[in-house]
Number of protein chains: 2
Amino acid sequence: MKKVTMADVAKLADVSKSTVSQYLNKRYEYMSEETRKRIAMAIKELGYQPNIIARSLKQKTTMTIGVVVFNIMHMLTTQVLHAIEEECQERGFHVIVSNSDDDPEKEKKYIEMLRAKQVDGLIIFPTGKNADIYQKLLEERFPLVFVDRMVPEVKADAVLLDNQKAAELAVEYFAERGYEHIGIVTPPLVSHIVPRMERIEGFRQALVKKGLPVVDDYFITTEIPRIQKELTRLYESGRLPEALFAINDLTLMEVLYFIKGNHINTPDELAIISIDDVPFAHVYTPTLTTISQPTFAMGKKAAERLFLQIAKKSEHQPQVFRFSPTFIERGSVKEKTS
Amino acid sequence: MKKVTMADVAKLADVSKSTVSQYLNKRYEYMSEETRKRIAMAIKELGYQPNIIARSLKQKTTMTIGVVVFNIMHMLTTQVLHAIEEECQERGFHVIVSNSDDDPEKEKKYIEMLRAKQVDGLIIFPTGKNADIYQKLLEERFPLVFVDRMVPEVKADAVLLDNQKAAELAVEYFAERGYEHIGIVTPPLVSHIVPRMERIEGFRQALVKKGLPVVDDYFITTEIPRIQKELTRLYESGRLPEALFAINDLTLMEVLYFIKGNHINTPDELAIISIDDVPFAHVYTPTLTTISQPTFAMGKKAAERLFLQIAKKSEHQPQVFRFSPTFIERGSVKEKTS
DNA sequence: TTTCATTACTAAATCGATTTAGTATTTATA
DNA sequence: TATAAATACTAAATCGATTTAGTAATGAAA
């Protein structure tokens with residue numbers, strides 16, 4: 001019942017541990033056919049399984065990466081995570097995921113725990129509030145890639161959406177179809193949450209560019225659980241815009257719930273465009289016009305960049321990758337011919 | 001730049017490594033206040049972070065569990081995974097997730113890799129086709145819990161839904177509202193995929209119990225990508241039932257797409273009940289009547305059971321936990337008064 | 001005054017691999 | 001024939017912790 005170690009295999013095959021180790025690492029160069037067979041036999045007979053922990057200790061690599069995300073409930077997170085996992089699985093790496101829940105303290109703790117576990121690199125969907133820690137990782141040349149959000153003062157690899165472009169796509173589409181009163185729905189703006197800032201800024205600029213009014217009332221920037229109330233308030237006072245831009249899947253859900261609750265007709269009364277892929281966009285009534293993030297490509301890129309850093313531990317040139325959003329035209333915006 | 005080890009801390013604090021180790025493990029009993037302070041100082045000064053790999057090698061525990069799932073795309077998987085992760089995080093454990101993609105070969109490989117990595121236990125959403133491997137784990141008293149599916153011939157802990165009950169709930173609800181022609185939509189039946197078998201068997205028995213006809217045509221049991229074609233075929237030949245029971249979220253999506261594509265009215269032309277929580281059930285039109293699995297409780301239970309096994313490595317009495325489904329009445333079934 | 005306990009530590013073994021430096025034998029080359 | 005090179009291995013150090021057995025100093029009890 002006790003664990004079989006390399007020493008046991010060595011004894012049975014009547015060779016030294018070193019030779020067994022060579023065998024396991026496929027360094028057959030100076031090994032006789034016969035020895036090789038004897039070791040293979042011994043391994044099979046004993047049902048030997050190497051202990052990767054022991055190997056990791058010596059080799060200082062664990063073939064494991066850590067991912068710290070600020071919210072697993074986001075579609076983006078889930079999808080990017082899948083891509084990362086797939087990319088890792090291909091390379092024989094494992095992934096440990098931790099959820100910081102957008103709490104910088106937790107994020108800090110998890111980064112430390114993962115480092116203590118000797119992960120070979122970190123992919124972080126950052127809270128954005130631990131610049132000192134991120135910076136320290138960089139200085140130690142510890143492999144690090146940011147995803148979704150970036151931290152401007154930390155010069156690390158980052159994989160994110162061209163958020164400005166995404167907002168622009170939405171506004172332009174609305175504008176070209178004759179919409180003038182366009183609102184945006186987003187969680188509260190916080191300076192260190194880059195995509196949020198970029199999306200709202202892109203939205204504002206696109207309005208101006210299209211010569212559309214920038215109405216304060218149409219900026220619904222409040223905590224997710226308060227979005228419905230806010231929208232209902234606007235609706236009841238007759239100041240609801242004709243179109244809404246939901247900046248992610250979570251805000252979209254709130255908008256849809258609001259629509260449902262108040263029997264609002266989409267797109268006639270209220271048109272909708274949102275960022276992120278929701279799985280039901282094409283079966284919903286009406287089908288939902290969305291702006292999709294290339295989550296798979298983003299996850300793949302993040303993993304690739306991390307592996308690049310892991311491979312050559314030195315002189316890595318950090319880069320920010322902006323992925324283009326894809327406009328998916330469906331049925332939640334109509335042609336306005338008023 | 002090089003790693004700070006316990007030896008460095010010991011040297012700086014002018015004590016032995018043993019004492020530093022005692023300190024880190026909070027065994028302060030026979031340690032002077034002064035020594036304690038000196039060690040604390042040294043740790044801070046050097047920025048020492050313990051190497052958990054080294055500790056794991058000696059202690060033979062990694063504070064990490066492995067989870068092998070057969071399909072990450074399932075809602076159930078995602079949700080149960082979150083619960084497991086939460087439970088682990090509370091105990092300071094990490095989780096490594098692998099996706100077997102319902103391929104027994106991959107499952108086998110991942111189980112072996114995770115064991116080589118010395119995980120302290122495994123939670124498996126089994127393909128069901130590796131009974132010999134599961135059995136070996138059991139015999140070695142390696143902590144193991146099955147989720148969603150079980151493997152009848154392997155007497156391990158298992159956490160699953162009361163599938164028969166779930167099917168019964170659906171049929172009874174339909175029957176009580178005057179439906180007679182009820183269909184079921186499921187991926188192909190395979191004997192080792194227990195929930196599928198139980199759901200369809202429960203469905204059949206409930207029909208009989210309610211005195212309803214069991215019509216072959218109404219059993220749509222085909223690969224996910226072929227479900228729409230099959231439904232359309234039935235529809236065009238005028239043999240579509242009045243009600244459909246979709247046995248999971250993936251089949252539900254196909255049914256919804258079919259409905260959308262053929263402009264079928266729900267619930268008037270076709271009523272629907274499905275198993276699993278889909279996030280849009282309450283914003284869809286009509287709102288979707290579903291049978292929910294207590295995914296959070298299931299994940300929590302699976303983790304708890306695993307930790308129980310990890311705690312007392314011996315004399316563990318395996319148990320199968322059947323969780324009750326919850327019927328959530330919404331709008332995709334009407335009262336038939338024909 | 002001797003003996004025993006208690007306190008506050010430490011030296012060395014250990015976990016299970018990898019790796020380096022080295023040995024012994026055979027073969028090839030000068 | 002002597003030497004160098006290639007082949008087929010092995011002993012021992014190492015990775016960075018934990019842990020066991022032990023030591024030295026002090027205080028208390030007999």
Side-chain angles (χ1 to χ4, degrees), chain A residues 1-40 42-43 46-64 92 112-113 115-120, chain B residues 1-40 42-43 46-64 92 112-113 115-120:
Chain A
M1 278 303 130
K2 27 154 126 91
K3 274 280 152 67
V4 180
T5 78
M6 221 171 64
D8 301 320
V9 175
K11 195 175 294 172
L12 184 60
D14 197 30
V15 293
S16 73
K17 285 196 301 168
S18 330
T19 308
V20 178
S21 177
Q22 313 279 30
Y23 173 87
L24 287 171
N25 291 286
K26 304 193 195 303
R27 297 202 56 77
Y28 299 138
E29 287 144 57
Y30 303 128
M31 196 179 300
S32 70
E33 180 72 8
E34 216 245 301
T35 309
R36 211 152 37 179
K37 272 186 190 151
R38 278 217 315 283
I39 296 175
I43 287 175
L46 297 171
Y48 168 71
Q49 290 279 133
N51 180 328
I52 295 202
I53 292 292
R55 146 195 292 224
S56 291
L57 179 58
K58 184 75 218 234
Q59 288 194 157
K60 293 157 172 305
T61 149
T62 52
M63 302 279 280
T64 305
E112 275 169 7
M113 283 174 67
R115 291 221 52 193
K117 248 185 183 153
Q118 312 299 115
V119 294
D120 295 336
Chain B
M1 277 306 130
K2 37 168 118 82
K3 274 280 151 66
V4 179
T5 77
M6 223 171 64
D8 301 320
V9 174
K11 195 175 294 173
L12 183 60
D14 197 30
V15 293
S16 72
K17 286 196 300 168
S18 330
T19 307
V20 178
S21 177
Q22 314 278 29
Y23 173 87
L24 287 172
N25 291 286
K26 305 193 193 304
R27 298 202 56 78
Y28 298 138
E29 287 146 53
Y30 302 128
M31 196 179 301
S32 71
E33 179 73 8
E34 216 245 301
T35 308
R36 210 152 38 180
K37 271 186 191 150
R38 278 218 315 285
I39 296 175
I43 287 176
L46 296 172
Y48 169 71
Q49 290 278 133
N51 180 328
I52 295 201
I53 292 292
R55 146 195 291 225
S56 291
L57 179 58
K58 184 76 218 232
Q59 288 194 160
K60 294 158 172 308
T61 148
T62 52
M63 303 279 279
T64 304
E112 273 169 9
M113 283 175 67
R115 290 222 52 194
K117 248 184 184 154
Q118 312 298 117
V119 295
D120 296 337

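These figures come from a predicted structure and were not determined experimentally. Throughout, protein chains are lettered first and strands after them, A, B, ... in sequence-line order, and every chain is numbered starting at 1.
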Say you draw a straight line from NZ of A/Lys60 to CG of A/Leu57; how long is it, rounded to the nearest 0.5 Å?
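Interatomic distance, A/Lys60 NZ to A/Leu57 CG, rounded to 0.5 Å: 7.5 Å.
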Using a 4.0 Å heavy-atom cut-off across all strands, classify [X] as base, sugar-phosphate, or nothing.
X	result
B/Val15	sugar-phosphate
B/Tyr28	nothing
A/Thr5	sugar-phosphate
A/Lys60	sugar-phosphate
B/Met6	base
A/Tyr23	nothing

Contact interval (first through last nucleotide) of DNA chain D with protein chain A, 4.0 Å heavy-atom:
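In short, chain A contacts DNA chain D from D/dT7 to D/dG16.
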Check this one for me: any side-chain N or O of [X] less than 4.0 Å away from OP1 or OP2 of [N]?
X	N	answer
B/Ser32	C/dT7	no
B/Tyr30	C/dA8	no
B/Thr19	C/dA8	no

Check: [Y] and [X] side chains under 4.5 Å, non-hydrogen atoms:
X	Y	value
A/Met113	B/Met63	no
A/Arg55	A/Asn25	yes
A/Tyr23	A/Val9	no
A/Thr64	A/Lys117	no
B/Ile39	B/Ile43	yes

Between B/Lys17 and B/Asp14, which is nearer to the 5' end of DNA chain C once each is assigned its nearest nucleotide?
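Residue closer to the 5' terminus by nearest nucleotide: B/Asp14.
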Take B/Gln59 and B/Thr35, find for each the nucleotide of DNA chain C with the closest heavy atom, and name the residue whose nucleotide sits nearer the 5' end.
B/Thr35
Between A/Glu33 and A/Arg36, is there a salt bridge with N-O shorter than 4.0 Å?
yes
Relative to the 5' end of DNA chain D, which residue comes earlier, B/Ala54 or B/Ser18, by the nucleotide with the nearest heavy atom?
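Checking each residue's closest nucleotide, the 5'-ward one belongs to B/Ala54.
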Donor-acceptor pair between A/Thr19 and A/Ser16 side chains, under 3.5 angstrom
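Result is yes, a qualifying pair exists.
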Rounded (10°) bend between the five-pair end axes of the helix from C/dT1-D/dA30 to C/dA30-D/dT1
60°
Distance-only, no hydrogens or angles: does the B/Ser56 side chain make a donor-acceptor pair with backbone N or O of B/Ile52 under 3.5 Å?
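At least one qualifying donor-acceptor pair exists.
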